[in-house]
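First listed ligand is number 1; within each ligand, the first listed atom is number 1. By convention here, the first residue in the shown sequence is residue 1.
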Amino acid sequence: MIILVLNSGSSSVKYILFEMDGEQCLAWGLVERIGDRGSILKHNRHDGHTTKLAGDIVDHTKAIEYILAILLSPNHGVLTDRSEINAVGHRVVHGGERFTDSVLIDGEVMNQLHDCIELAPLHNPHNIKGITACRGLLKDVPQVGVFDTAFHQQMPDYAYLYGLPYILYKRYGVRRYGFHGTSHRYVAARAAVMMGKQIEKINLVTCHLGNGCSSAAVKGGISIDTTMGFTPTEGLMMGTRTGDIDPAALLYIMGREEIGIGEANSLINKHSGLQGISGISNDMRELEEATAEGNERAELAVNMFAYRVKKYIGAYAVAMGGLDGIVFTGGIGENSSEVRRRSLEGLEFLGVELDPEANEADDSDERFIDKGGKVRVMVIPTNEELVIARDTLELIR
Ligand code: AMP
């Protein structure tokens, strides 16, 4: 079974082609700068062969045509015929309350996906463009949607509701949805395997720390709470997003600075977080370098970042009534021993004992970084694409 996984963004489409019998990745790459001058396709084949292709890639349909062409190319490809692709799995950011699981896409589902656009106007329209293009180009091939929000759809109402008038939830669907669900689901399942426990019997805090960051309380394999909310802005501090903030503080700033909704949106999503505090960068690597050189604002940004991670570990341990494991994933979670160290400092009273040597080890595989005490601490590279491919396979079967 061959599954193509697509992640369609505003100006890019990422792809991975899997042979599912051995869950082997045959080829992967991305098309960048769609609709812009200088659009380009970067392609990698499993044997190490790589190639770049420049072209006039005006829209998502053209981008996917390029992807199919390179996958079929005698020189760079891995397929001989389009019919070898058994199904396509699409990442979809927002599934609202409608999609609690991955879904086989038909006309009715397309309509419902359009209904979810209002909730994620920056992401869903591009995901839908990718799906529409594929439905046109690969007519008889089943398409599956896998949602970032789905894993969090079993949260209890007292965790997902905001303290706003209830009518606003009913009228506009304003509530916590949570994101990064595919990643939290993957690492939680891996953690249970690593710990040799049944996932139904353990409480995990999973920390996805990348450019976007979120933590989830995974109790018995179910996400019962998560830090991102109605939008991905809430919760942990991120590269350029505020994370938690007093909503009245934003109203106050809007008044004092005389800015409107658009600028306020840009302020909290593009100019805040690590970037806003440090004034240097949104990139944790650069901040760690600056911290080592004694830059105080970089130091403050890293401390704020780690403090929020720690605070939610504590909150979620309480929400779940106990804690068995903590997982770090995402670019920062997987690579920054410094952030992990700061995030776990002082949590010994919970039974968290970091092993400094294991934490510092230069290793890209999944691993334990604790001393083997009550609460296990793990670094697990995430693999959202594999989850999408697995869900797709399951649905077409
Ligand atoms: P992601 O969105 O998952 O690709 O993660 C991006 C973030 O990971 C950026 O803030 C990077 O600075 C950070 N990152 C990647 N590699 C490292 C590293 N070796 N040390 C610290 N941060 C890293």
Engineer: Does NZ or CZ of Arg175 fall inside the cone over Tyr160's six-membered ring, less than 6.0 Å from its centre and within 45° of the axis?
Structural biologist: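 Arg175 over Tyr160 ring: yes.
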Engineer: Phe179 and ring-ring contact (aromatic ring centres under 6.0 Å, His included): which single residue from His94, His123, His152 fits?
Structural biologist: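 Among His94, His123, His152, the one meeting ring-ring contact (aromatic ring centres under 6.0 Å, His included) with Phe179 is His94.
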Engineer: Nearest to atom 12 (O) of ligand 1, what protein heavy atom do you find, and at what distance?
Structural biologist: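 The closest one turns out to be Asp283 OD1, 2.4 Å.
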Engineer: Counting heavy atoms only, name the option from Gly239, Gly331, Gly212 that's nearest to atom 8 (O) of ligand 1.
Structural biologist: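 Going through Gly239, Gly331, Gly212 one by one, Gly331 has the nearest heavy atom to atom 8 (O) of ligand 1.
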Engineer: Would you say His208 and ligand 1 have an N/O pair spaced under 3.5 Å apart?
Structural biologist: no
Engineer: For atom 18 (C) of ligand 1, grab the closest protein heavy atom and report residue, atom and distance to one decimal in Å.
Structural biologist: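 Scanning the protein heavy atoms, the shortest distance from atom 18 (C) of ligand 1 goes to Asn335 CB, 3.2 Å.
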Engineer: Which atoms of ligand 1 are found less than 4.0 Å from any heavy atom of Ser336?
Structural biologist: 21 (C)
Engineer: State, without any angle test, whether Arg190 and Tyr186 hold a side-chain donor-acceptor pair at a distance under 3.5 Å.
Structural biologist: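 Judged by distance alone, the side chains do not pair up.
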Engineer: Quick one, His208 with His180, criterion ring pair (Phe, Tyr, Trp, His ring centres under 6.0 Å). Give me CA distance, side-chain angles, the key distance, then yes/no.
Structural biologist: CA-CA 8 Å; His208 179 111; His180 291 144; 4.0 Å; yes
Engineer: Measure the distance from atom 13 (C) of ligand 1 to every protein heavy atom, then report the residue, atom name and distance (to 0.1 Å) of the closest one.
Structural biologist: Ile332 CG1, 3.6 Å
Engineer: Cation-pi between Arg308 and Tyr312: NZ/CZ under 6.0 Å from ring centre and within 45° of the ring axis?
Structural biologist: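 Checked: cation-pi criterion not met.
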Engineer: In sequence, state the C-alpha distance, the side-chain angles, and the governing distance for Lys14 and Ile16, and then conclude on side chain to side chain contact (heavy atoms under 4.5 Å, CB included).
Structural biologist: CA-CA 7 Å; Lys14 290 188 194 147; Ile16 300 194; over 6 Å; no
Engineer: With heavy-atom distances below 4.0 Å as the criterion, list the atoms of ligand 1 near Gly210.
Structural biologist: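 Here the atoms of ligand 1 in question are 1 (P), 2 (O), 3 (O), 5 (O).
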Engineer: Note the single closest protein heavy atom to atom 20 (N) of ligand 1, along with its residue, its atom name and the distance in Å.
Structural biologist: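 Closest protein heavy atom to atom 20 (N) of ligand 1: Arg285 CG, 3.6 Å.
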Engineer: Thr149 and Gln153: side-chain donor and acceptor closer than 3.5 Å?
Structural biologist: no
Engineer: Could you check atom 10 (O) of ligand 1 against the protein and tell me its nearest heavy-atom contact, residue, atom and distance included?
Structural biologist: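 Looking only at protein heavy atoms, the one closest to atom 10 (O) of ligand 1 is Met284 N, 3.2 Å.
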Engineer: Starting from atom 6 (C) of ligand 1, which protein heavy atom do you reach first, and at what distance in Å?
Structural biologist: Asn211 N, 3.7 Å
